[in-house]
Amino acid sequence: MLRRLRDPAPAPVRLGGAVDGLIEFWRGVRPQTEFSADIPGALEALSEPVRAALFRVAQEGVSNAVRHGRPARITVAAMLRPDAAVLSVQDDGAADPAPGTGSGWSGLRNGCRPWAGCWR
């Protein structure tokens, strides 16, 4: 996942459709979990690298929530601010008492790359 976040040439992505597909995938894997998304159409005007980076944040966030939190509900939401695009993944699951040795969240925190324009 971290390699994808840092890929200098991300594949074209329509953010809303990609997040919908991600949610449909996870609904098939975790039918007991309720998934929802709020991705405004205005985000489609962002550059391809920025949309791809936001999608990869959604992938990592949903994957982590499902695998580590045992949630009943997961919500993916995005918004466009004057100075940034913001994507959040929220869930009602329990925190993992013993965090793993992966680098997913630190990779997201440090994922600002010139090609992504720091998601601005």
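- Here CG of L87 is found 10.5 Å from CG of D38. Values are rounded to the nearest 0.5 Å.
- Separating the CZ atom in R27 from the CG atom in L22 is a distance of 10.5 Å, to the nearest 0.5 Å.
- Rounding to the nearest 0.5 Å gives a distance of 9.5 Å between CG of D91 and CG of N64.
- Shortest non-hydrogen contact noted between V89 and V62 is CG1-N, 3.9 Å.
- In this structure, OG1 on T75 lies 8.0 Å from CD1 on I23, to the nearest 0.5 angstrom.
- Nearest heavy-atom pair across V66 and R30 is O-NH1, 3.2 Å.
- Taking the side chain as every heavy atom from C-beta outward, W26 and I74 never approach each other to under 4.5 Å.
- Taking the side chain as every heavy atom from C-beta outward, M79 and S88 never approach each other to under 4.5 Å.
- Between A58 and V76, the shortest heavy-atom distance links the atoms CB-CG1, 4.2 Å.
- Using modelled atom types, one side-chain atom of R51 and one backbone atom of L46 make a donor-acceptor pair closer than 3.5 Å.
- If you take CG on L43 and CZ on F55, they are separated by 14.0 Å, rounding to the nearest 0.5 Å.
- With hydrogens and angles disregarded, a donor-acceptor distance shorter than 3.5 Å links the side chain of E44 to the backbone of L15.
- Of the inter-residue distances, the one linking R70 atom CZ with T33 atom OG1 reads 11.5 Å to the nearest 0.5 angstrom.
- A65 and P71 make their closest contact through O-CD, 3.2 Å (heavy atoms, listed as atom of the first residue, atom of the second, distance).
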